[in-house]
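Just so we're on the same page: letters track the sequence lines, and every chain starts at 1.
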Amino acid sequence: MESIITRFPPSPTGYLHVGGARTALFNWLYAKQNNGKFILRIEDTDTVRSTQASVDAIFEAMEWLELDWDEGPFFQSQRFDLYREYLQRLLNSGDAYYCTCTPEEVDVMRKKAMALGEKPKYDGRCRERGLLKTDNAVIRFKSPLKGTTVVEDVIKGNIVFQNTEQDDFVVCRSDGTPTYNFVVVVDDITMGINTVIRGDDHVMNTPKQILLYRALKAKLPVFGHVPMVLGKDKTRLSKRHGAMSVTAYRDMGYLPDAFINYLVRLGWSHGDQEFFTREELLEKFNLKNIGKSAGVFDLDKLTALNADHIRAATVTQLALKVRPFFKEKGYDVARNDYLEKVVGTLHTRSKTLVEMAEGAHFYYRDTVEPYDEKAAKKFLKPSVVPILTSLAEKLDAIPDLKEKTQEGAFKKVMEEMGLGFGKIAQPVRVALTGTTVSPGIFEIIEVLGRDRVMARLRAAVEFIETTG
RNA sequence: GGUCCCAUCGUCUAGUGGUUUAGGACGUCGGCCUCUCACGCCGGUAACCCGGGUUCGAAUCCCGGUGGGAUCACCA
């Protein structure tokens, strides 16, 4: 069997968005799991809208998602000679012709057809005129006048198009540049692409492309059109729905593996399984189980999945991923062993890396003040001064301040004061972290270390005495 | 408007004629656990778009309707 060759062909007119990332992912998974090739091709024939910044943004996003390509990136803007050659073939075989109608004239044809209640299209008036090349001529493809063109879609099944619906579309503009449907076909043929997985929005292009394949006497690839990703209001995902750029999700603290897990699961299933590692995806992904209907992008579900992936990761892996977020917050990340300890306490309680960075704040501040106003009001009252001073004393007497060794100190204070653990832990938590929400008290004390624990306990007492 | 696609809980989905009082996950609600918040655990809520067929039997097959989406360029 010939090996699978897929491609991802973004046009560099913006960042890589969610829908694009998903088709890239499907192509990548399918190629990789079949020991095939995944090719990256930049469709930059629209020189006006294409930018280098967009090309860079696409690379950046692909890198974050860890989608590597085996060939390319190819740039269509550098392949014009090839397109010209194929254009000539079409002309030579009589499958294309020059047309001198101006855009305005074609527009009139469309309007006229529309007025008659017909489908707006070019009427083919230059089709048999045998025109030669002139300055403002375009080249049109000679579309069959009858019959049907069938798209055999591996996801949607057979889709039948009447050829009468097709008009003689332009394959080469009057300025000599080739158009999209033509270059795609030439590229896919010459790059040996045999599997085309792309968005739903391309189905209407497919019959045109099939006609081109036939005229060029090339073998058809397997087509698979994946449904769109929609926003909450069921319309095409756009800026209104929040972040479009894939890298925005990186910046919001999502793990790439969680993100691809979510993207694949949106529209594809493997029974009831929700959580997939990258390796599992590579193993289990298939075209057959891709659904036919569009899916709504749901941030809550992504977040839940992200939490699962965070929990499944090791502390070492997480430390590596969260590092940039800590840096961003101004935390000193030089000491990796400390960072890992911090991450260890936040591991199962963070849904995103951003959340983790926020939760780590108190570990990296010299002082915990100013306290959260409500927390201080509720827990840092004169009545807790004896608790804090007594606990400080007892903790200080413990030579090795580990999670396990602290219990005795707390017990003694509980007995002395005749209070439950909760009554003691909360004020201590506020004293050590500044808030009422944090990891467990014992963990915090161990990670913070004796000096800072003592200083913060003392500071809290001082705070109570000066404000109280 | 023409053409094309789609249609199971709010959302992602399982389900391919009977094993289904339609299952799971996210969300949501309630409870338990507990040093706070989470996590975890337990439980509740909630769906086969409508109408006709086919069949002993339909979420599953067929037709029609409705609804949603895509696309109609010398853009990709």
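For the contact set between residues 269-278 of chain A and RNA chain B, defined by any heavy atom under 4.0 Å, the members are A:Ser269, A:Gly271, A:Asp272, A:Glu274. Across residues 149-164 of chain A, A:Lys156, A:Ile159, A:Val160, A:Phe161 each have a non-hydrogen atom less than 4.0 Å from an atom of RNA chain B (numbered order).
With hydrogens and angles ignored, no donor-acceptor pair under 3.5 angstrom links the side chain of A:Lys292 to the base of B:C6. Donor-acceptor pairing under 3.5 Å, judged by distance alone, is present between the side chain of A:Ser174 and the base of B:C74. In terms of polar N and O atoms assigned as donor or acceptor, the side chain of A:Asn205 comes within less than 3.5 Å of the base of B:A76 in a complementary pairing.
Take A:Arg84 and apply the side-chain contact (heavy atoms from CB on, under 4.5 Å) test, not counting sequence neighbours, and it matches A:Phe80, A:Asp81. Evaluation of the side chain to side chain donor-acceptor pair (under 3.5 Å) rule for A:Lys284 yields A:Gln273 as partners, not counting sequence neighbours.
Here A:Phe297 and A:Tyr249 bring their ring centres to under 6.0 angstrom of each other.
Remark: A:Arg311 is in phosphate contact with B:G40, judged by side-chain N or O atoms under 4.0 Å from OP1 or OP2.
In this structure, A:Leu263 atom CG and B:U11 atom P are separated by 19 Å, rounded to whole Å. In this structure, A:Leu305 places its CG atom 15 Å from P of B:C12, rounding to the nearest Å.
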Shorter than 3.5 Å, N or O on both sides, protein versus nucleotides 61-70 of chain B: list them out with atom names.
unit_1 : atom_1 : unit_2   : atom_2 : d
B:A70  : O3'    : A:Arg236 : NH1    : 3.4

Distances for protein N or O near nucleotides 45-49 of chain B N or O, under 3.5 Å:
none

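Geometrically, A:Lys301 does not engage A:Tyr262 in a cation-pi contact defined by less than 6.0 Å to the ring centre and at most 45° from the axis.
Contact annotation for A:Ser11: backbone-only contact, meaning every heavy-atom pair under 4.0 Å involves sugar-phosphate atoms and none involves a base.
Taking a pair to require two hydrogen-bonding distances under 3.5 Å in either a Watson-Crick or a G-U wobble arrangement, B:C48 remains unpaired.
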- A:Arg278/A:Asp257 under salt bridge (Lys or Arg N to Asp or Glu O under 4.0 Å): CA gap, chis, key distance, verdict: CA-CA 6 Å; A:Arg278 190 176 289 258; A:Asp257 282 18; 2.9 Å; yes
